[in-house]
Amino acid sequence: MKFSRTLIPTLKETPADAEIVSHQLMLRAGLIRKLASGIYNWLPLGYRVLRKVENIVRQEMDSAGALEILMPAVQPAELWQSSGRWDHYGKELLRFADRHDNAYCLAPTHEEVVTDIAKREIRSYRDMPLNLYQIQTKFRDEIRPRFGIMRAREFLMKDAYSFDVDDQAAAASYQVMHQAYTRIFERLGLRFSVVEADSGAIGGSFSHEFMVLADTGEDAIVSCGGCGYAANLEKAEAVASHAGAPEPGPATAEVATPGAHTVEEVAEFLGVAPHQIAKTLIYLADGQPVAAMVRGDRELNEIKLKNQLGAAELQLAPPAVIQEVTGGPLGFSGPLGLEVPVWVDHELLQAPALVVGANKADHHLTGLHLQRDVPQARPADLRVIAPDDACPRCGGELEFARGIEVGHIFRLGTKYSTAMGAEYLDAEGQSHPIVMGCYGIGVSRIVAAAIEQGHDDNGIIFPLPIAPYSVTILPLGHQGPVMEKALELYRQLGQKGVDVLIDDRDLRPGVKFKDADLVGIPLRLVVGNKGLKQGQVELKHRADGRVEMLPLEQAADSLVEMVNQGGGQTL
RNA sequence: CGGGACGUGGCUCAGUCUGGUAGAGCACUGCGUUCGGGACGCAGGGGCCCCCGGUUCAAAUCCGGGCGUCCCGACCA
């Protein structure tokens with residue numbers, strides 16, 4: 001492609017409404033433009049990147065035996081009512097009516113439609129295993145779209161769904177996808193980590209997330225170098241020590257703690273360490289109050305609590321409810337005398353004496369021994385794992401990192417097939433619900449994630465496999481031998497199947513250098529008078545800045561070799 | 001949905017407090033010089049100052065109401 005013939009509107013200045021690097025650089029490099037909040041146009045250069053990501057995903061899904069289909073973005077309400085999600089999905093589901101006043105939605109995901117396909121087309125155990133996937137536009141009416149393409153309302157997703165006869169077969173299908181995903185992210189040229197994850201509202205037995213590692217990532221993850229354990233912070237287990245329960249000390253005593261609400265204030269006032277204090281938090285789980293306790297220096301993991309309770313919704317109780325449940329104001333809650341269920345983080349059982357709220361304004365209790373004083377307390381893993389925690393598998397040291405979720409695989413079990421009546425007949429003629437799995441990849445998000453991971457002060461550094469062009473040629477001059485040689489190289493590379501962009505604009509060299517860096521093309525070939533006099537062209541690697549001089553006659557072949565070895569694609 | 005900020009040529013922003021002819025840099029067009037890291041000179045084009053209403057002789061500027069965008073939080077593959 002000739003630069004002068006395409007549309008790559010680069011910007012010198014950073015647009016004011018872009019906060020994170022990937023968003024800024026995608027705008028500056030002319031990959032995307034915003035149409036509305038969370039809704040973007042993909043310009044030629046950006047769309048090439050998107051298509052290259054898509055190609056790799058498609059190739060690996062195909063070779064894993066999945067079958068590509070295309071499902072509609074507009075879906076009738078009835079389907080969503082049959083799964084129960086029309087009422088439960090919430091406002092993220094964009095609903096509207098057609099001219100006949102029939103209700104529809106823009107699909108945020110496709111379990112309903114694909115289960116409907118399975119229900120209609122799968123009759124026998126002989127029809128499985130089956131895996132159907134699509135690469136298609138999703139719409140989620142996010143409360144707050146942000147970070148450009150990273151959390152957009154409309155985005156491109158690869159979603160796959162597996163259908164199996166039983167859990168064992170479903171586990172095998174899950175493994176196949178796990179491997180396919182690993183190959184996909186390796187081929188994309190991204191540093192990533194596979195972590196255990198909470199399966200969330202979609203349900204199912206367990207799941208893994210594929211995280212692109214980047215300091216700016218929205219998710220925190222932990223991993224163990226020793227045994228390979230890795231998990232989302234939301235999910236990571238905090239193991240209890242196996243030491244026996246400590247002997248109780250003297251009975252509890254009430255102390256006045258005027259004005260001390262927070263753990264820090266109470267610790268300071270009483271001259272104890274925060275870990276000797278227990279926080280008691282009052283939650284509403286599906287509207288029912290419960291108490292949950294963690295050590296003062298710990299953070300409660302709401303997802304763990306929610307899962308323990310089997311609750312669909314969990315939120316901190318408002319002050320009025322706290323007053324009603326505990327008899328005291330916010331900030332002085334404790335477990336004694338509560339009639340609601342009390343859940344305690346198992347770590348607390350090791351404490352011989354705890355400071356807790358007295359359920360009375362400006363008062364706390366000291367010397368609380370959980371087993372003695374709150375025998376009905378139910379121990380569980382309720383807290384967020386912390387840097388001083390050991391690996392829950394091998395006891396080794398944990399590393400903390402940040403990541404961007406780009407893939408998520410779930411086992412769905414029979415949630416949708418049962419709700420929607422998708423069944424098959426086994427060899428004995430018995431009817432069973434189909435066992436499903438679902439597997440998502442945020443295709444457009446990968447583009448942003450790749451940029452979060454690969455950039456420097458000068459712009460984007462694309463991995464070769466997804467770079468919009470593998471090679472860019474910069475003729476430092478607009479005519480004469482420089483341009484002739486540059487065009488010759490351009491033709492040679494093109495004929496050999498290399499995606500190449502030649503900057504044939506009549507501009508000063510500096511502008512071309514800046515744009516080439518900004519746009520992030522991995523291999524840059526500079527054709528200038530200096531080099532040509534020695535029969536050479538200069539090759540610069542975008543990633544590490546390495547420069548080498550290549551003899552003119554061999555340049556094309558060398559480049560082809562590099563592109564092929566680096567997994568470069570031709571669109 | 002709670003809190004905050006912002007809306008002025010394509011982009012980045014000044015001007016708003018204290019009402020009085022709409023500005024700068026970049027980008028764009030033409031000419032000339034320049035040409036290995038975002039050149040320079042000259043000459044140009046381009047604005048419903050987010051929208052609606054109000055106050056005023058006069059509103060980008062003051063007042064009221066909308067709309068939009070971004071950030072933090074809550075929420076979310």
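Throughout, a chain's letter reflects where its sequence line sits, starting with A, and its residues are numbered from 1. The model shown is predicted, which means the values in this text are computed figures rather than measured ones.
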Does the pair A:Arg95/A:Asp141 count as a salt bridge with the N-to-O cut at 4.0 Å? no

For A:Ala236, the side-chain contact (heavy atoms from CB on, under 4.5 Å) test, sequence neighbours excluded, returns A:Val222, A:Tyr229, A:Ala231, A:Ile385

Do any N or O atoms of the protein come closer than 3.5 Å to N or O atoms of nucleotides 23-26 of chain B, and which pairs are they?
{"from": "B:G25", "atom 1": "N2", "to": "A:Glu13", "atom 2": "OE1", "distance (Å)": "3.0"}
{"from": "B:C26", "atom 1": "O3'", "to": "A:Lys12", "atom 2": "NZ", "distance (Å)": "3.3"}

**Prompt:** On a whole-Å scale, what distance lies between the C1' atoms belonging to B:C75 and B:G68?
**Reply:** 22 Å

* Asked: Is the backbone of A:Thr262 close enough, under 3.5 Å, to the side chain of A:Glu265 for a donor and an acceptor to pair up by distance?
  -> yes

For B:G44, the nucleotide meeting Watson-Crick or G-U wobble distances (both under 3.5 Å) is B:C28

*Output yes when at least one side-chain N/O atom of A:Ser37 is less than 4.0 Å from OP1 or OP2 of B:C70, else no.*
yes

A:Glu488 meets the side chain to side chain donor-acceptor pair (under 3.5 Å) criterion, sequence neighbours left out, with none

Residues at least two apart in sequence or cross-chain that pass ring-ring contact (aromatic ring centres under 6.0 Å, His included) with A:Phe139, listed by chain then number, are none

Worksheet item: Phosphate oxygens OP1/OP2 of B:C1: is one of them under 4.0 Å from a side-chain N or O of A:Lys91?
Response: no

Between CG of A:Leu27 and C1' of B:U69 the distance, given in whole Å, is 13 Å

Hey, can you pull the donor-acceptor pairs under 3.5 Å for the side chains in residues 176-192 of chain A, sequence neighbours left out?
{"from": "A:Tyr181", "atom 1": "OH", "to": "A:Lys158", "atom 2": "NZ", "distance (Å)": "2.7"}
{"from": "A:Tyr181", "atom 1": "OH", "to": "A:Tyr439", "atom 2": "O", "distance (Å)": "3.1"}
{"from": "A:Tyr181", "atom 1": "OH", "to": "A:Gly440", "atom 2": "N", "distance (Å)": "3.1"}
{"from": "A:Tyr181", "atom 1": "OH", "to": "A:Gly440", "atom 2": "O", "distance (Å)": "3.2"}
{"from": "A:Thr182", "atom 1": "OG1", "to": "A:His178", "atom 2": "O", "distance (Å)": "2.9"}
{"from": "A:Arg183", "atom 1": "NE", "to": "A:Glu60", "atom 2": "OE1", "distance (Å)": "2.9"}
{"from": "A:Arg187", "atom 1": "NH1", "to": "A:Gln59", "atom 2": "OE1", "distance (Å)": "2.9"}
{"from": "A:Arg187", "atom 1": "NH1", "to": "A:Glu60", "atom 2": "OE2", "distance (Å)": "3.0"}
{"from": "A:Arg187", "atom 1": "NH2", "to": "A:Gln59", "atom 2": "OE1", "distance (Å)": "2.8"}

What's A:Glu302 touching, base or sugar-phosphate or nothing? Going by heavy atoms closer than 4.0 Å.
sugar-phosphate

Query raised in the report: Are A:Arg85 and A:Glu111 ion-paired here, with the side-chain N under 4.0 Å from a carboxylate O?
Result: yes

Atom CD of A:Glu92 and atom C1' of B:A77 are separated, to the nearest Å, by 9 Å

Closest to the 5' end of RNA chain B, once A:Gly38 and A:Val511 are matched to their nearest nucleotides, is A:Val511

Residue set satisfying side chain to side chain donor-acceptor pair (under 3.5 Å) with A:Asn529, at least two apart, ordered chain then number -> none

Assign A:Lys138 to base, sugar-phosphate, or nothing according to its heavy-atom contacts below 4.0 angstrom with the strands shown. nothing

So A:Phe147 and A:Glu218, side-chain contact (heavy atoms from CB on, under 4.5 Å) or not? Walk me through it. CA-CA 11 Å; A:Phe147 305 148; A:Glu218 279 194 278; 4.2 Å; yes

From CG of A:Leu11 across to C1' of B:C28 the rounded distance in Å is 14 Å

Checking N1-N3 plus N6-O4 or O6-N4 for Watson-Crick, or N1-O2 and O6-N3 for wobble, each under 3.5 Å, the partner of B:A60 is none

Residue set satisfying side chain to side chain donor-acceptor pair (under 3.5 Å) with A:Tyr174, at least two apart, ordered chain then number -> A:His208

message = Using side-chain contact (heavy atoms from CB on, under 4.5 Å), reason through A:Trp343 and A:Leu281 one step at a time and then give a plain yes or no.
response = CA-CA 10 Å; A:Trp343 290 82; A:Leu281 303 164; over 6 Å; no

From CE of A:Met150 across to P of B:A77 the rounded distance in Å is 17 Å

Euclidean distance for C1', B:C52 against B:A59 (whole angstrom):
15 Å

Worksheet entry | Sugar-phosphate, base or nothing in reach of A:Phe147, heavy atoms under 4.0 Å | sugar-phosphate

Checking N1-N3 plus N6-O4 or O6-N4 for Watson-Crick, or N1-O2 and O6-N3 for wobble, each under 3.5 Å, the partner of B:C17 is none

Looking only at N and O atoms, is any donor in the side chain of A:Arg505 or the base of B:G38 less than 3.5 Å from an acceptor on the other one?
no

Re B:C49: Watson-Crick or G-U wobble partner, both distances kept under 3.5 Å, found to be none

Sugar-phosphate only, base, or nothing, as touched by A:Arg33 at under 4.0 Å among non-hydrogen atoms: nothing

Separation between the C1' atoms of B:C62 and B:G19, rounded to whole Å = 8 Å

Sequence neighbours excluded, the answer for side chain to side chain donor-acceptor pair (under 3.5 Å) partners of A:Glu92 is none

Counting only pairs under 3.5 Å, give me each side-chain donor-acceptor contact of residues 36-44 of chain A, with atom names and distances, residues two or more places apart or in other chains.
{"from": "A:Tyr40", "atom 1": "OH", "to": "A:His23", "atom 2": "NE2", "distance (Å)": "3.4"}

Considering only heavy side-chain atoms of A:Ala16, the closest of B:C13, B:A77, B:C71 is B:C13

Hits for salt bridge (charged side-chain N to carboxylate O under 4.0 Å, His left out) against A:Glu452, two or more places apart or cross-chain, chain-then-number order -> none

Pairing partner of B:U33, by Watson-Crick or G-U wobble and under 3.5 Å for both distances, is B:A39

Query raised in the report: If you measure from the C1' atom in B:A60 to the same atom in B:U16, how many Å do you get, rounded?
Result: 7 Å

Counting only distance, no hydrogens or angles, is the base of B:C71 paired donor-acceptor with the side chain of A:Arg146 under 3.5 Å?
no

Give me, pair by pair, the N or O atoms of the protein and of nucleotides 30-35 of chain B that are less than 3.5 Å apart, along with how far apart they are.
{"from": "B:U34", "atom 1": "O2", "to": "A:Arg508", "atom 2": "NH1", "distance (Å)": "2.8"}

For B:C72 and A:Arg144 - does any side-chain N or O of the residue sit under 4.0 Å from the phosphate oxygens OP1/OP2? yes

With rounding to whole Å, what would you report as the distance between B:C28 and B:G66 at their C1' atoms?
35 Å

Comparing nearest nucleotides in RNA chain B, the 5'-proximal residue of the pair A:Gly407, A:Ala36 is A:Ala36

Residues of residues 513-532 of chain A with a heavy atom under 4.0 Å from any atom of RNA chain B, listed by number, are A:Phe513, A:Lys514, A:Asp515, A:Asp517, A:Arg524, A:Val526, A:Gly528, A:Lys530, A:Gly531

Separation of the P atoms in B:U34 and B:A24, to the nearest angstrom: 29 Å

Margin query: Quick check against the 3.5 Å criterion: does A:Asn307 have a side-chain atom that pairs as donor or acceptor with the backbone of A:Gly310?
Written below: no

Taken to the nearest whole Å, CD1/A:Ile143 to C1'/B:C71 is 16 Å

Rounded distance in Å between the P positions of B:C63 and B:A74:
34 Å

Legend entry - C1' atoms of B:G9 and B:G45, separation to the nearest Å: 11 Å

Taken to the nearest whole Å, CD/A:Glu19 to P/B:U69 is 17 Å

So what does A:Glu538 touch, heavy atoms closer than 4.0 Å: a base, only the sugar-phosphate, or nothing? base

Rounded to whole Å, CG of A:Asp219 lies from C1' of B:C75 at a distance of 14 Å

